[in-house]
Amino acid sequence: MAASAEMPYFIKPSRLLNAAEKRRAYQQATSAIFAVLGDEPSEQVKMVTVNCLLKTYLPYFYWVGFYLVRNTNQLVIGPYQGTLGCLYIDFGRGVCGKAAATGEIQLVADTHALDQGSEHIACDPNSASEIVLPVYGKNGELLGVFDVDATEKNAFDEIDAEELDKLLKRLFA
Ligand code: SME
């Protein structure tokens, strides 16, 4: 099924926040996440909760989800919220594959400026900017990546990188 630009009834376009609004939204989302999870051990439960509450408090989060490491050099779709995400991504391919291969956070101001199919995989043509972070487990192993898309360019910046990295490390490392 080809990706469609038509948004299903349950999905809205991104609404951008300024720096102060972002900080407050992350503070509220983080408080809610840990209020819900407590000392929950299940990674799956933590992932689905993170997706739901970040999407609730951050209105520019259009597609939110995890890709999990499979067979050491491939990512497989994990828990997510949004339109249909591609199912498998080889390390090194796309923004997610680059984050997995390099272990570095990927901040993309304009996804359409990347080479489609190699530098960027367009699961949804409405994606205009993206941030992807590697997710590490308790033993330092790569569990996968956390991927967020927005329908506006330049939606993500160093605040998102810092706040998401801190949250993911607190939850999974
Ligand atoms: N855009 C990602 C693929 C995942 S979809 O956005 C959910 C990439 O280029 O790796």
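The first residue in the sequence is number 1, and the count goes up from there.
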Check your understanding: In terms of heavy-atom contacts, does CZ of Arg170 have more than 12 from other residues, nucleotides or ligands at under 6.0 Å?
Key -> no
Practice item. Please tell me if the side chains of Asp165 and Lys169 come closer than 4.5 Å, counting only heavy atoms from C-beta onward. Key: yes
Check your understanding: So do Met7 and Thr151 actually touch side chain to side chain, heavy atoms under 4.5 Å?
Key -> yes
Practice item. Determine whether the aromatic ring centres of Phe172 and Phe146 lie less than 6.0 Å apart. Key: no
Review point. Between Glu158 and Lys22, is the closest basic N to carboxylate O distance under 4.0 Å?
Key: no
Check your understanding: Any link between Leu168 and Phe34 through a network of hydrophobic side chains (Ile, Leu, Val, Met, Phe, Trp, Tyr) touching at under 4.5 Å?
Key -> yes
Revision key, fill the gap. Residues passing the side-chain hydrogen bond (donor to acceptor under 3.5 Å, both in side chains) test with Thr83, sequence neighbours excluded, are Asp124
Revision key, fill the gap. Residue pairs passing the ring-ring contact (aromatic ring centres under 6.0 Å, His included) test with at least one member in residues 35-60, sequence neighbours excluded, are Tyr60-Phe156
Practice item. Without swapping roles, check the side chain of Thr111 against the backbone of Ser127 for a donor-acceptor pair under 3.5 Å. Key: yes
Point to revise | Basic-acidic side-chain contact under 4.0 Å: Lys46, Glu43 | key: no
Review point. Would a 4.5 Å heavy-atom cut-off, applied to side chains only, mark Glu162 and Arg23 as touching?
Key: yes
Point to revise | salt_bridge(Glu104, Lys98) N-O dist < 4.0 Å | key: no
Check your understanding: Which one of Val108, Asp147, Leu107 satisfies the side-chain contact (heavy atoms from CB on, under 4.5 Å) criterion with Val95?
Key -> Val108
Review point. Can you check salt bridge (charged side-chain N to carboxylate O under 4.0 Å, His left out) on Glu21 and Arg24, steps first, answer last?
Key: CA-CA 5 Å; Glu21 290 169 330; Arg24 175 155 176 69; over 6 Å; no
Review point. Say you draw a straight line from CG of Leu68 to CD1 of Ile89; how long is it, rounded to the nearest 0.5 Å?
Key: 11.0 Å
**Study point:** Co-membership, hydrophobic cluster, residues Ile11 and Leu84, 4.5 Å side-chain
**Key:** yes
Point to revise | Test log, rule side-chain contact (heavy atoms from CB on, under 4.5 Å), inputs Tyr136 and Leu142 | key: CA-CA 5 Å; Tyr136 292 98; Leu142 182 70; 3.8 Å; yes
Practice item. Could I get the full list of ring-ring contact (aromatic ring centres under 6.0 Å, His included) partners for Tyr80, not counting sequence neighbours? Key: Trp63
**Study point:** Glu141 backbone acceptor or donor facing Asn139 side chain under 3.5 Å
**Key:** no
